[in-house]
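Below is one structure, written out as structure tokens; the observations come after it.
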Protein chains: 2
Amino acid sequence: MKIATWNVNSIRTRLGQVISWLGENNVDVLCLQETKVIDTDFPLTVFHDMGYNTYIYGQKAYNGVALISRQPMKSVSTGFCQVLENLEPKWDDQKRVITGIVDEVRIINLYVPNGSAVGSEKYQYKLQWLAVLKTYLEVLLKCNSDIIMCGDFNIALEDIDIYKQVDTENQIMASLPERQALREILKLGFGDGFRKFNSQGGNYSWWDYRTGAFKRNSGWRIDHHYLTDVLYKQAKSCFIDISPRKLEQPSDHAPVIVEV
Amino acid sequence: MKIATWNVNSIRTRLGQVISWLGENNVDVLCLQETKVIDTDFPLTVFHDMGYNTYIYGQKAYNGVALISRQPMKSVSTGFCQVLENLEPKWDDQKRVITGIVDEVRIINLYVPNGSAVGSEKYQYKLQWLAVLKTYLEVLLKCNSDIIMCGDFNIALEDIDIYKQVDTENQIMASLPERQALREILKLGFGDGFRKFNSQGGNYSWWDYRTGAFKRNSGWRIDHHYLTDVLYKQAKSCFIDISPRKLEQPSDHAPVIVEV
DNA sequence: GGCTTCATCG
DNA sequence: CGATGAAGCC
């Protein structure tokens with residue numbers, strides 16, 4: 001089973017690229033982030049015509065996640081609050097979480113907040129959001145032993161996940177508190193799919209649109225697949241496909257594919 | 001001498017098309033309207049590199065006119081108020097007028113207000129603006145006997161200048177009061193360069209972006225060259241070049257070229 | 001309805 | 001740099 005994650009930075013702008021990529025890469029589930037569209041405007045039919053089942057959780061202009069699955073998914077759930085019933089509803093104002101089960105495997109598709117700048121209000125929100133995510137995962141792990149949690153984490157966990165040395169005190173996506181929050185989550189029992197197969201630096205999934213970052217490979221590895229034990233052990237491959245980033249009008253992120 | 005007028009609907013968006021058109025059409029003066037850019041952001045150097053002298057009169061987001069001249073121009077003047085010293089300054093809030101002399105010929109480049117809808121406040125402004133234009137021309141005619149007044153007039157003077165019969169009571173760009181205001185101006189001694197050579201309908205310079213107007217040639221002839229007597233008599237040709245309207249991301253107007 | 005600004009976000 | 005939405009024009 002092949003599971004891909006791709007922050008497309010607007011599904012409507014990127015639809016042609018996503019469709020052609022999906023035609024060439026026969027993935028079973030494609031997890032999209034930053035769809036940036038309300039559900040009524042999501043281009044469903046083109047995925048249905050390709051034989052995919054589509055589960056969406058979007059909003060206007062910002063955020064938005066979707067699951068594009070060859071097989072119908074079961075136990076699909078959107079947002080945190082359907083799982084954490086006592087959680088304040090405001091945690092679902094931003095559409096960043098969708099999950100469903102296919103072949104006994106729970107796929108969790110996440111768009112973690114960016115956090116803007118260390119110390120900012122948005123940074124606090126990111127850290128709190130990661131704490132909520134942890135409790136969310138604790139609940140799901142009670143029912144589902146096999147989980148693939150993937151998406152745009154907006155966190156580079158190790159220094160080799162960044163093209164240059166950064167200040168881990170002040171650099172968003174690399175600061176120690178957010179790294180620590182993610183490590184606490186991984187301690188629940190997740191392994192990094194990409195690092196099972198590749199321990200080298202220079203592998204990135206996001207390059208800033210500005211300053212020609214992609215040409216110089218000035219990237220960050222912030223899009224991840226985290227797998228629970230059994231899935232991690234049986235994983236066959238995990239790689240970043242940088243080819244869509246070379247096209248005209250690309251997303252700033254490249255898709256990442258794990259095979260289990 | 002070849003004088004072109006072209007409403008480019010943003011010089012920055014259309015720069016590539018304007019430059020390549022200018023390279024292929026060796027005009028002496030190119031009169032631009034709707035440059036939509038403040039003077040500090042106007043792309044001057046690319047015109048200078050082609051050997052053109054550039055005179056600009058722009059504002060943020062709306063309106064804006066420019067003269068692109070092979071020869072340096074003399075007696076360049078922007079707006080109405082430099083010529084009509086007692087005129088209220090508000091008449092230069094919208095940047096719609098620029099003029100200069102080349103080879104003893106005064107080129108006046110105009111972007112006449114559209115007027116929105118007959119009877120609206122903008123319509124009243126259009127009629128008043130045309131009255132001011134008349135007094136402006138009366139002054140210039142005292143000093144310059146040879147004048148080419150060109151630009152986007154937002155007026156189709158005759159029924160054959162429109163692809164279909166319209167209601168001349170209510171149709172903006174065709175209503176009797178605005179046609180009459182323009183006729184009063186032409187009575188000062190101007191002839192329509194295009195009509196010296198072509199008395200046929202079906203010749204248009206503007207096609208609405210909507211409803212595939214260009215494909216069906218549902219156009220209007222609203223971009224004109226008006227010439228004083230001597231120039232009118234010696235004019236060698238006047239034609240509309242519809243080829244740029246066929247490109248991707250075109251202006252909704254085509255350039256018009258007169259040779260004198 | 002097409003298109004181009006601008007402001008905001010990442 | 002590139003996305004969106006709102007406003008204004010035609």
Side-chain angles (χ1 to χ4, degrees), chain A residues 7-15 17 33-38 41 58-64 94 96 111-117 120-123 125-126 152 154 172-173 206-216 218 220 222 245 247-253, chain B residues 7-15 17 33-38 41 58-64 94 96 111-118 120-123 125-126 152-156 162 171-174 204-215 218-220 222-223 245 247-253:
Chain A
N7 178 323
V8 289
N9 189 12
S10 168
I11 184 59
R12 284 178 294 182
T13 301
R14 222 69 61 203
L15 188 58
Q17 291 180 30
Q33 302 92 37
E34 283 208 88
T35 54
K36 292 189 175 180
V37 65
I38 53 172
D41 291 346
Q59 68 182 87
K60 193 164 85 167
Y62 302 110
N63 311 311
Q94 300 181 19
R96 297 177 174 278
Y111 176 47
V112 178
N114 170 279
S116 188
S120 67
E121 205 160 298
K122 291 191 168 108
Y123 183 74
Y125 180 81
K126 182 180 194 172
D152 175 2
N154 272 314
I172 195 64
M173 302 196 293
W206 172 79
W207 301 260
D208 200 310
Y209 281 125
R210 293 163 278 194
T211 67
F214 183 68
K215 281 201 312 267
R216 299 179 291 112
S218 299
W220 294 58
I222 59 178
R245 184 63 237 245
L247 300 173
E248 294 291 301
Q249 274 213 334
S251 167
D252 44 351
H253 293 253
Chain B
N7 179 323
V8 290
N9 190 13
S10 167
I11 185 59
R12 285 177 295 182
T13 301
R14 223 70 60 204
L15 188 59
Q17 292 180 28
Q33 303 90 38
E34 282 208 89
T35 53
K36 291 190 175 179
V37 66
I38 53 174
D41 290 348
Q59 67 182 88
K60 194 164 87 166
Y62 304 111
N63 310 312
Q94 300 181 17
R96 297 178 175 275
Y111 176 48
V112 178
N114 169 277
S116 189
V118 172
S120 67
E121 205 159 299
K122 291 193 169 101
Y123 183 73
Y125 181 82
K126 182 180 194 172
D152 175 3
F153 283 76
N154 272 314
I155 297 173
I162 311 174
Q171 178 62 60
I172 194 65
M173 301 195 294
Y204 310 123
S205 64
W206 173 79
W207 301 260
D208 200 310
Y209 281 124
R210 292 165 278 192
T211 66
F214 183 68
K215 281 202 311 266
S218 298
W220 295 57
I222 58 178
D223 301 271
R245 184 63 237 247
L247 300 173
E248 295 290 300
Q249 275 212 336
S251 167
D252 42 353
H253 294 254

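Within every chain, numbering begins at 1; the chains are lettered A, B, ... in the order of the sequence lines, protein sequences first and strands thereafter. Everything quoted here is computed from the prediction, not taken from an experiment.
The backbone N or O of B:Pro250 sits less than 3.5 Å from a side-chain atom of B:Tyr209, completing a donor-acceptor pair.
If you measure from atom CD of B:Glu248 to atom P of C:dT4, you get 12 Å, rounded to the nearest angstrom. Atom CD in A:Gln33 sits about 15 Å away from atom C1' in C:dG10, given to the nearest Å. A:Ile172 has its CD1 atom 14 Å from the C1' atom of C:dC9, to the nearest Å.
Evaluation of the ring-ring contact (aromatic ring centres under 6.0 Å, His included) rule for A:Tyr123 yields no partner, not counting sequence neighbours. Listed by chain and residue number, A:Gln59 satisfy the side chain to side chain contact (heavy atoms under 4.5 Å, CB included) test with A:Tyr62 (two or more places apart in sequence, or in another chain). Remark: B:Tyr111 pairs with no residue by the ring-ring contact (aromatic ring centres under 6.0 Å, His included) rule, at least two apart or across chains. A:Lys36 pairs by the side chain to side chain contact (heavy atoms under 4.5 Å, CB included) definition with A:Asn9, A:Ser10, A:Glu34, not counting sequence neighbours.
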> Quick one: what's the B/S/- string for nucleotides 4-10 of chain D, heavy-atom cutoff under 4.0 Å, read 5' to 3'?
Replying inline: SSS-SSB

> How would DNA chain D look in dot-bracket form, 5' to 3', counting Watson-Crick and G-U wobble pairs with both distances under 3.5 Å and writing | for bases paired to another strand?
Replying inline: |||||||||.

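OP1 or OP2 of D:dA3 has at least one side-chain nitrogen or oxygen of A:Gln249 nearer than 4.0 Å. Remark: A:Arg14 is in phosphate contact with D:dA3, judged by side-chain N or O atoms under 4.0 Å from OP1 or OP2.
Relative orientation of the A:Trp206 and A:Trp220 rings is perpendicular, given thresholds of 30° and 60° on the angle between their planes.
Within the 4.0 angstrom heavy-atom criterion, only backbone atoms of the sugar-phosphate kind lie near B:Tyr209; the bases stay farther away.
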